Amino acid sequence: MPAIPTLRQLRYLVALDDHHHFGHAADACAATQSTLSAGLQELEAILGANLVERTKRKVLITPLGQEVVARARSLLRGAEDLVDLVRSASEPLSGEIRLGVIPTIGPYLLPQILPALRAAHPNLRLYLREDLSARLLDLLGTGELDLVLLALPYRADEFESHALFDDPFLLAFPPGYALGEGEHVRSSDIPIEDLLLLEEGHCLRDHALAACHLAAPFGKLRGRQDRLLATSLATLVQMVAGGLGVTLLPRLALDGGVLAGTGLLVRSLGADAPARSIGLTWRSASPRQAEFRLLGEEILKAHAALNSSAGHV
């Protein structure tokens, strides 16, 4: 039987591809640089091929090495899944879970749910990564994340999604802004020419427009909107507070205090207010699906308890 690479050798190669630096790759693997270099040389000897080009200025992975890296990532992910499967079967929601979360959810939901989650599952180590949906799903696909907390719907056919709760939109506006009388405003009455939203790439922008059926009219007004784009909800709120227009905000952000100190007012979009759906997404082949569903139940339980105490229905 021919010799086969070890998982440690494959991990060294993947780390070198990630960092393109022997010292940094060694640190990522908790190894010395000489140990990592020796492991890579052993890997090349076993495979009978050069995988790494070593120069004084840079480290390059050869084209064949890139193919080996891609397969090595898959093998390492499978080995990690095997360990996770056994551990989660004996003690669910323990050990490490790498959770990605989008910026329009993380700062507002996580402070609500993490204390209860830590109390219920003290052996759970939850590592968080905040980024936009597209980049988080890329990391999920490569195995660098275990699951992602994001707003649905989001097209990702290779993943499985589990909706948790709806997050309705409300209209935020400065004092003195003319919106007519009444407690509610219809989405069709939102002044589209004054509507400010996050820049392209943020799914909240797309969800707000689609939920309120504003995508088509908003798309026709490219001039002003292209000049008034925010990269975060905090910046968006400050733009509205500065009298530049109005915006649509999810209740999650309002409950999380995004309007604190601004003096802005909010108005509901009615009993059937348009909403985005908050949910979890994971790889369809993950052996930890039952554990992830349990995490979803814990998130939903904590959110529902806070919603009830705040008087939301």
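Computed over heavy atoms, backbone and side chain alike; hydrogens, waters and symmetry mates excluded. It should be emphasised that the depicted structure is a prediction, and the values quoted were computed from it without experimental measurement.
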Report the C-alpha distance between L140 and F159 in whole Å, list the side-chain angles of each, state the deciding distance to 0.1 Å, and finish with yes or no for side-chain contact (heavy atoms from CB on, under 4.5 Å). CA-CA 9 Å; L140 181 63; F159 303 125; 3.8 Å; yes

Correct closest heavy-atom pair for P174 and G245 would be CD-O, 3.6 Å

Hey, what do you get for CZ (F22) to OG1 (T32), rounding to the nearest 0.5 Å? 12.5 Å

Expected output: side-chain S286 to main-chain R283 donor-acceptor under 3.5 Å: no

May I ask you to decide if L164's main-chain N or O and E297's side chain share a donor-acceptor pair within less than 3.5 Å? no

Distance in Å, I61 CD1 paired with L13 CG, rounded so as to fall on 0.5 Å steps: 5.5 Å

Considering all heavy atoms of both residues, which atom of L152 and which atom of G279 are nearest to each other, and what is their separation? CD1-CA, 4.0 Å

Within the distance-only criterion (no hydrogens, no angle test), does the side chain of H303 pair as donor or acceptor with the backbone N or O of I299 below 3.5 angstrom? no

Main chain of T6, side chain of Q9: is a donor-acceptor contact present, judged purely on distance under 3.5 Å? yes

Using a 4.5 Å cut-off on heavy atoms from C-beta on, say whether the side chain of V148 contacts that of L139. no

Assess whether a salt bridge exists between E44 and R54, defined as any Lys/Arg side-chain N lying under 4.0 Å from an Asp/Glu carboxylate O. yes

Can you give me the closest heavy-atom contact between E130 and I102, atom names plus distance? CG-C, 4.2 Å

So does R11 pair up with D18, basic N to acidic O under 4.0 Å? no

Spell out, as yes or no, whether a donor-acceptor pair under 3.5 Å connects the side chain of T247 to the backbone of L196. yes

Kindly give the heavy-atom pair with the smallest separation between V59 and V52, and that separation in Å. CG1-CG1, 3.8 Å

How far apart are the closest heavy atoms of P5 and L43, and which atoms are they? CB-CD1, 3.5 Å

One should read off an interatomic distance between T281 OG1 and L136 CG, to the nearest 0.5 angstrom, of 10.5 Å

Quick check: does any side chain N or O of Q112 sit under 3.5 Å from a backbone N or O of Y108, one acting as donor and the other as acceptor? yes

Quick check: is L132 connected to V101 through a chain of hydrophobic side chains (ILVMFWY, heavy atoms under 4.5 Å apart)? no

Side-chain heavy-atom pair L295, L147 within 4.5 angstrom cut-off: yes

Should V69 and L60 be counted in the same cluster of Ile, Leu, Val, Met, Phe, Trp and Tyr side chains packed under 4.5 Å apart? no

Using every non-hydrogen atom in the two residues, find where P168 and L170 come nearest and quote the distance to one decimal. O-CD1, 3.8 Å

The side chain to side chain donor-acceptor pair (under 3.5 Å) partners of R98 (sequence neighbours excluded) come to D146

Quick check against the 3.5 Å criterion: does R129 have a side-chain atom that pairs as donor or acceptor with the backbone of L145? no

Please check if the side chain of S37 supplies one atom and the backbone of Q33 the other of a donor-acceptor pair under 3.5 Å. yes

Check the hydrophobic clustering (I, L, V, M, F, W, Y; side-chain heavy atoms under 4.5 Å; chains of links allowed) and say if L109 and L259 are grouped together. yes

With the 4.5 Å side-chain cut-off for hydrophobic clustering, are I46 and L7 part of the same group? no

Output for pair (R71 CZ, Q66 CD), nearest 0.5 Å, gives 13.5 Å

Show your working on side-chain contact (heavy atoms from CB on, under 4.5 Å) between L124 and R118 and close with a plain yes or no. CA-CA 7 Å; L124 173 64; R118 292 192 193 102; over 6 Å; no

Are the side chains of L198 and T104 in contact, using a 4.5 Å heavy-atom criterion? yes

So do R205 and E199 actually touch side chain to side chain, heavy atoms under 4.5 Å? no

Given salt bridge (charged side-chain N to carboxylate O under 4.0 Å, His left out), test R293 with E160 step by step and report yes or no. CA-CA 11 Å; R293 290 183 184 278; E160 182 171 339; 2.4 Å; yes

Shared hydrophobic cluster, V266 / V246 (ILVMFWY, side-chain heavy atoms < 4.5 Å): yes

May I ask you to decide if R251's main-chain N or O and D167's side chain share a donor-acceptor pair within less than 3.5 Å? yes

Checking side-chain contact (heavy atoms from CB on, under 4.5 Å) for the pair L40/L36: CA distance, chi angles, key distance, verdict? CA-CA 6 Å; L40 289 171; L36 181 133; 3.6 Å; yes

What do the steps show when you test V240 against Y177 for side-chain contact (heavy atoms from CB on, under 4.5 Å), and what is the final call? CA-CA 11 Å; V240 176; Y177 189 89; over 6 Å; no

Nearest-0.5 Å distance that lies between atom CG in L269 and atom CG in L248: 6.5 Å

Quick one: does any side-chain atom of R276 pair with a main-chain N or O of A151 as donor and acceptor, under 3.5 Å? no

When rounded to the nearest 0.5 angstrom, what distance separates CD1 in I192 from CD1 in I190? 7.5 Å

With sequence neighbours left out, write down each residue that passes ring-ring contact (aromatic ring centres under 6.0 Å, His included) with F292, or none if nothing qualifies. W282

